[in-house]
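The structure under discussion appears below in the form of structure tokens.
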Amino acid sequence: MRKILITVTAMLVAGIALHAQAPPSVTAIRAGRLLDPDAGRILTNQIIVVEGTRIRDVGPNAAIPAGAQVVDLSNLTVMPGLVDAHNHLALTYKPEPESNIYYYTYVAESTALRAIQAASNGIQMLASGFTIVRDMGNNGNYADTALRQAIEQGWIPGPTIVNSGIIIGGMGGQFFPTPEMAKDHNIVYPEYLDADTPDEIVKAVRQNVLFGARVIKICVDCKPYGYTADEIRLFVREAAKVGMKVEGHVQTVNGAKNAIEAGIWSIAHSTGLNDEMHKLMAQKGIWRAGTDTPDNLAGHPVSPQAYQRTVASLKNAYENKVPLTFSTDADYYVAGKTRGEVCLEFLKTWKDAGIPNADILRAITINGYKVSETEKTRGPIEAGFAADLIAVPGNPLEDVDALRRVQFVMKDGEVFKRDGVMTPAAFFHGGPVNGWRIR
Ligand SMILES: [Zn+2]
């Protein structure tokens with residue numbers, strides 16, 4: 001009886017395997033121009049062969065397999081997908097009704113509603129060419145994990161999500177709630193995870209790992225006492241046990257000093273980063289996710305002084321050769337713009353800082369893959385890598401604003417946008433087609 005059972009099971013497994021082995025679809029893309037951001041140059045007349053979800057071959061003479069579907073992008077510049085190294089897709093605060101104060105967004109909008117917003121924001125990001133988003137907390141009760149799972153399992157289209165789960169900080173996180181609200185109504189939570197002692201630090205990291213984080217995000221100095229370098233080292237050590245890195249929200253020079261001394265992976269925001277800190281970051285190879293907000297976003301005013309500081313800081317970081325990522329923190333509504341379009345407005349700050357287009361393009365592509373730790377699997381347009389790519393008119397090396405006119409997007413080998421129009425049908429499924437075990 002047992003033998004029969006084993007035989008039947010083996011047959012079933014074999015049957016399932018056979019069923020899953022439909023030949024992968026092959027697509028050949030004719031790229032009139034192909035941008036190599038690493039070398040900062042354009043190659044002409046390249047063919048990219050995509051098999052299933054991966055790039056199989058790239059080159060001027062790559063053979064187009066018989067039966068391949070041919071996509072003609074000979075009038076466009078094909079390039080690797082874009083990366084926003086700091087966003088919050090399940091958060092959208094607004095001038096109305098919450099006066100851009102996200103504490104009220106958190107009070108008024110459920111995690112469920114915010115998860116649906118995240119699905120929409122992810123689609124909007126992908127439509128603008130962002131194939132990877134690092135989603136750094138402020139997503140209610142793990143809406144960021146739900147978004148990543150929904151995309152990875154195959155329910156909806158979206159960028160590859162590198163998510164942090166809940167931001168870990170001293171009691172209260174970035175909020176300053178009343179005692180009644182914090183203690184009687186738990187109103188800070190789940191937006192932040194309290195960790196004020198070494199035991200709490202270890203436990204908070206483990207909670208985020210358990211609930212699907214891919215990177216750990218901490219508030220280094222959101223409270224006056226902040227974290228010491230030793231405490232940050234504990235975060236780094238605990239995260240490293242599962243191969244994860246730590247990003248620190250930093251707003252003071254002292255916080256930056258402690259984070260740098262502890263060897264943190266990346267620092268978010270620029271208010272704590274002066275010339276001395278930039279030099280230390282360059283020495284240690286610490287990523288800068290400056291979240292360099294431009295001064296032209298409707299309903300989200302930035303004072304001329306604040307903008308000047310932002311531009312000067314980014315320029316100083318560039319001159320000091322700090323590893324730079326394109327990062328926005330764009331977690332608010334700008335009337336008339338999609339989330340992806342808002343993110344691309346940040347190109348203004350980079351241009352105003354005098355950073356050459358080739359280096360802006362490196363920051364928004366290859367540095368993005370490195371800070372996301374996908375650089376060996378996803379990002380570069382090379383054989384064996386995930387088939388993610390986009391196409392824009394013109395030459396982004398000459399005019400970086402070409403990125404605002406993304407015409408074509410391929411994600412994991414499926415066409416998401418063609419001729420400037422989203423065609424996402426291939427991404428929607430009535431079940432977890434890539435496997436329910438994806439956690
Ligand atoms: Zn942020």
Side-chain angles (χ1 to χ4, degrees), residues 83-94 98 100-106 109 114 117-118 121-122 124-125 130 132-140 142-145 147-148 159 161-170 172-176 188 190-193 208 213-223 226-227 235 245-252 255-256 259 264-273 286-294 297 300 302 306 310 313-314 324-334 339-340 342-343 345-346 349 363-364 368 371-372:
V83 183
D84 184 350
H86 187 116
N87 206 308
H88 309 272
L89 295 182
L91 174 62
T92 305
Y93 58 84
K94 310 167 284 298
E98 66 261 50
N100 283 326
I101 298 170
Y102 75 92
Y103 187 53
Y104 302 138
T105 319
Y106 165 60
E109 298 187 354
R114 289 171 61 184
Q117 295 169 2
N121 282 330
Q124 295 168 46
M125 293 295 284
F130 289 93
I132 299 177
V133 173
R134 289 208 319 153
D135 199 314
M136 305 308 293
N138 289 129
N139 290 310
Y142 295 98
D144 53 329
T145 295
L147 174 66
R148 180 179 58 69
I161 302 292
V162 180
N163 64 303
S164 74
I166 299 178
I167 299 172
I168 305 167
Q174 280 178 273
F175 291 157
F176 288 85
V188 175
E191 210 65 23
Y192 294 94
L193 208 47
N208 275 341
R214 292 290 184 261
V215 60
I216 297 300
K217 166 85 179 286
I218 68 171
C219 240
V220 168
D221 50 8
C222 294
K223 290 287 168 280
Y227 285 127
F235 276 111
K245 300 295 198 292
V246 178
E247 166 152 308
H249 165 109
V250 168
Q251 56 197 40
T252 63
I264 206 161
W265 177 247
S266 55
I267 291 182
H269 315 302
S270 64
T271 45
L273 303 180
I286 294 172
W287 293 103
R288 182 185 189 276
T291 67
D292 316 282
T293 313
L297 300 175
H300 195 76
V302 173
T310 300
S313 175
L314 183 55
L324 301 180
T325 66
F326 186 87
S327 55
T328 68
D329 207 14
D331 48 7
Y332 35 83
Y333 175 50
V334 175
R339 179 61 65 93
V342 173
C343 293
E345 288 297 323
F346 283 62
T349 316
I364 203 170
V371 77
S372 307

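Every number for a ligand or one of its atoms is a count from 1 in the order of the listing. None of the values given here were measured: they were computed from a predicted structure.
More than 12 heavy atoms of other residues, nucleotides or ligands shown are found within 6.0 angstrom of CZ on F176.
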| task | Just do the side-chain contact (heavy atoms from CB on, under 4.5 Å) check on I286 and I264 with the steps written out, would you? | result | CA-CA 7 Å; I286 294 172; I264 206 161; 4.1 Å; yes
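The nearest pair of heavy atoms linking A289 to E247 is CB-OE1, 4.1 Å.
Donor-acceptor pairing under 3.5 Å is recorded for the side chains of N163 and T145.
The closest approach of H86 to the Zn ion (ligand 1), by N/O/S atoms, is made by NE2. Within D329, the N, O or S atom at minimum distance from the Zn ion (ligand 1) carries the name OD1.
Taking backbone and side chain together, H269 holds no N, O or S atom under 2.8 Å from the Zn ion (ligand 1).
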